[in-house]
Structure formats: structure tokens, C-alpha cells
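To start, the structure itself, in C-alpha cells.
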Amino acid sequence: MTEESTTVVILGGTGDLALRKLVPALFTLACKGHLPQGLRVVAFARRDYSDDRYREYMWNGAREIGGLAARRDEWEMFAGNMYYVSGDIDDPHSFDRLKHRLDGLDKGEDGTSNRLYYLSVAPRLFETAVKNIAAAGLANEDNGWRRAVIEKPFGHDLESAQKLNRAVQEVFDEHQVYRIDHYLGKETVQNLLVFRFANAIFEPIWNRNYIDNVQITVAESVSVGDRGGYYDQSGVVRDMVQNHLLQLLTLVAMEPPNVADSESLRNKKVEVMQAIRRPDRGELLRSAVRGQYEGYLGEDGVGEDSMTPTYAAMRLFVDNWRWRDVPFYLRTGKAMADKVSEIVIQFQKPPHSLFQRGPTVDMSSNVLGICLQPDEGVHMKFQVKVPGQGMEMETMDMAFHYDSGFQEESIPEAYERLLQDALAGDASLFIRKDHIEEAWKIVDPLLEAWSDERSTADAPLHAYRPGSWGPTAADDLLSRDGRTWQHVCGSHEANGA
Ligand code: BG6
């Protein structure tokens, strides 16, 4: 029997992501027994560390920064399989050294040797990293599989994403490439698929005949913090909309695939992207709002007259049989009142008011809230008769919460699931080449329109107060359509902004 050994190579092994997410996730998986037997972690970064120094750096850093809760003895067991190679992503010789070290570690195991390369480096280095992996002979699959996980942002626009895709595909086949969007690793995001496709009662009403509008909110209370340099070049659309929010939209809107394999799932998701309406410039500017929180210009790394938006709201349409003319409202921002990610499905109002009559009666619609974080669960709002005489009604909430529903199981970190899937060769929760390009095709025209000086009058950059729900112009976007933003999840008392 051949012995398989597997190594996760973290390029950028001393960086923030490795400390915060990757190593803690691998450690947790190891403790749960969810990793291949004897899995090794080889970190590659510039610092001149020995294996032991790196292990100590991680032990301290992952606990302080990554919130790792580990017993020293468990850590020692895990860290014994962790190694360090000092090198430069730009330098092909460093990759020769990496190869030498990897081969050395595999020595004695005559069987298969699998490698997962995790590109946790600055995005401008993705291409170079992939090129140098290939040049050192680290991509060939003679004695085991080779896979590459590529972090976001994948490109800066359509052109750069296509260029990066071409560079990656010179080295790896598409089935070896795992483009990550950590939102897809979230348990509650995957639950969207189960909610829709493992229950018979929702799918028949999941369309334009019953749904009035869909709202996707990903609000963050944090500011840009120490990421000002990156963020100012990126802005909210590249940082959040192009990836996380559009991913959520596709999961809400996609058709059911015949089977849940990665290609079938991803085909259906791409179809949604392709169906998103492409409005002309005027309509595009009218159906989107941009904002910047007060004080952003004083953040480290931010240009003093920066026009980078930290908030965006927009209305999109999915032009297909199921969704034609149902608005999908998206909003996301930094420095907002609360951290909350939720998807709200607002159903149409009852066609006829039976219990209350008169021209002023405003019937409430049923609202379904799919709560992604931090209140993980599902809420359904429906009308209930107020006890007593007459037929007075009130809206009540039927809720499911993960923490009370699954008391024993804690919700795993997104990176745990994604690393485990990449190691198992399941790409369902990773982004395919065509999806990433389609997503850029949707946001590029808006970014372009906003960057045009002439757009300032039609689409001003609204200032908003930190701790608020963003610019009031985002409320107007909905009120023009006779709607308001809805909060369904958590303990929010206020509806709307
Ligand atoms: C990242 C963005 O992709 O997602 C960050 O770059 C953002 O700006 C983060 O804060 C939000 O992720 P989560 O899991 O905290 O909602």
C-alpha cells in the first residue's frame, strides 16, 4: 500500500491571514481529527526564522491576534509538523530552496506526496508566486496532486482578473485552482442551499410571483483600521460587493442544480451572474449610492482627498424567467451601526384586505430573514391576531437560532471548512474562473462611472456618520420604489436606517 503524505505550503506564512485564520483553522481541524494523517505545514516567508522560532512566533501570534485557544500540549503535537522556509516570492532561488526542503521532508515516504499551496501574499505577487512555483518544478503532479488556493482580491477589474487567470492557467489546470471567498465557508451561507433545496415548501414561492424584493445587507461596525493603505486603493465595491455580496445574491437567485457536485453548482451560479441586468450609465448611477464615513480621510494610509467609498448600496435585477423585475437591493459598509449580515426576502402583500378595510390600511407582507451573522439562524415574520375583541393584527416573529438548535456543535470557522474542502479536492465552495470574470463585468461599469468626474453631480459621494446605517440617500433608493430597508435578524428594534 502506498503511503500518502500531504503538505500545506503557506506562502506568506508570517502574515496576518496566517496568524488570524489559517494556522488556527489548521490547528482546530487537527484537534478534531479532520486532517489527513501526518499533515505537514510548511510556511514560506521573508523573515529569517528557524522552524522553532516560527513555531514560537505562531504560538504567541495565533493566540494574541487569531484568538487561538490551544492547550500547550496539543499545540506542541501540531507544531511538531510545522516547518519554516525563509525566502522571497520574487526570487526563483528561494523556490528552489523550498522544493529542496519539501523533498527532504518527504524523504523516506516512497508513496504519494500531495501539496496544497496557499497564496496568502499581497495580490500583486500572485502571478510571480505561481510562476516561481512552476519554475521550481513544484507544480507537476508526478507523485501526487498539486493545488493552489488563491486569496481575494482576484484582480482589480476584469482585465487584471483575466490576466491573472491566464497566468494561473499556464501553470495549473482549472481543477487545481481554488479561488477563495471566505463567505462561502460560512455555515449560514451554505445553509442557504439547504434551506432552499432540501425543503419543499419554499421553492414554489421563490420567484417573482410571490417575492416582492430581496435585500442583502453586510454591515460592519469596524472602520478600515490599519488597512487604510489597501482599502483606499480598493474601496467597498472591490472589497465586498464584487465577491461576498454577489456570492450571496447568486445563492439566493440560482436555479436548483440536478446534483450537488461542484461543476453543477457553479454552472448555476454563473448563469445568475450572466443574467444580471447591465443598465446604461444614467440608470447605473441612479440605482447606486456611494458613501464615505466621516473621519475616513484621517485614517492611516488614506489619501487626503480620497474619493474611495466605504459604503455602497445598489439595486440589481436578474433578468430571467424566475426573477424578472424583482429588485435585489444590496448594501454594505464600514463604520456602521452594527455588525450584521442578513438576507431579507420580502414577500408580496396579501392581495385583499379581509380584516381591516379602508383606503389607509397598509397590509404587512411576510418577511423571511436569513441571518448570516452574528445572530445565525432564520426568522419569519407573519401576522397574528391580537387576543381580544375584534380582528386586530400584529406582526410576530418565528425564529430558529443555531446556538439553541445545535447546542452541542459550535459553528466552525469559514477557513476550517474551506481548507478541509481544498484538501479533499472539493471545489464547490470556491470560485470558478468564469464566475470571477462575470462578477467583474457587473461591477466594472459602476466603478468606471463613479471614477468619471462628471458623475459627481449625479452620484455624489455622501458623507455618513460612523455608527449610523449609512447615507440617507440609500433609504431614498428604496423609498423611490415604495420600499424600506428591513432588519429582521438579531435584536434590532429599528426598521430601516
Ligand atoms: C474581507 C474584507 O474580505 O471581509 C474586509 O476584505 C471585511 O474588509 C471582511 O472586513 C468581512 O468578513 P467577515 O467574515 O468579518 O464578515
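Just follow the structure's listing: the first ligand is 1, and inside any ligand the first atom is 1. Quick note: residue numbers are just sequence positions, from 1. In what follows, every heavy atom counts, from backbone to side chain, and hydrogens, waters and symmetry copies are set aside.
In this structure, Arg115 fails the cation-pi test against Trp145, since its NZ or CZ atom is not both closer than 6.0 Å to the six-membered ring centre and inside 45 degrees of the ring normal. Both tests pass for Lys186 against the ring of Tyr183: distance under 6.0 Å to the centre and angle within 45° of the axis.
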Less than 3.5 Å apart, N/O on ligand 1 and N/O on the protein: could you list those pairs with the distances?
residue  : atom   : partner : partner atom : Å
ligand 1 : 3 (O)  : Lys152  : NZ           : 2.7
ligand 1 : 3 (O)  : His244  : NE2          : 2.7
ligand 1 : 4 (O)  : His244  : NE2          : 3.4
ligand 1 : 6 (O)  : Lys152  : NZ           : 2.9
ligand 1 : 6 (O)  : Arg227  : NH2          : 3.0
ligand 1 : 6 (O)  : Asp239  : OD1          : 2.6
ligand 1 : 6 (O)  : Asp239  : OD2          : 3.4
ligand 1 : 8 (O)  : Arg227  : NH1          : 2.9
ligand 1 : 8 (O)  : Asp239  : OD2          : 2.6
ligand 1 : 8 (O)  : Lys334  : NZ           : 2.7
ligand 1 : 10 (O) : Glu220  : OE1          : 3.3
ligand 1 : 10 (O) : Glu220  : OE2          : 2.5
ligand 1 : 10 (O) : Lys334  : NZ           : 3.0
ligand 1 : 12 (O) : His182  : NE2          : 3.1
ligand 1 : 14 (O) : His182  : NE2          : 2.8
ligand 1 : 14 (O) : Lys186  : NZ           : 2.6
ligand 1 : 15 (O) : Lys339  : NZ           : 2.9
ligand 1 : 16 (O) : Tyr183  : OH           : 2.4
ligand 1 : 16 (O) : Lys339  : NZ           : 3.3
ligand 1 : 16 (O) : Gln373  : NE2          : 2.8

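The number of heavy atoms from other shown groups lying within 6.0 Å of NZ (Lys152) is above 12.
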Applying side-chain contact (heavy atoms from CB on, under 4.5 Å), run through Arg196 and Asn199 and close with a yes or a no.
-> CA-CA 6 Å; Arg196 285 193 57 199; Asn199 292 297; over 6 Å; no
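Relative ring orientation between Tyr415 and His182 is described as parallel, the plane-to-plane angle staying below 30° on a 0-90° scale split at 30° and 60°.
The minimum heavy-atom distance linking Asn243 with Arg238 is given by the pair ND2-O, 2.9 Å.
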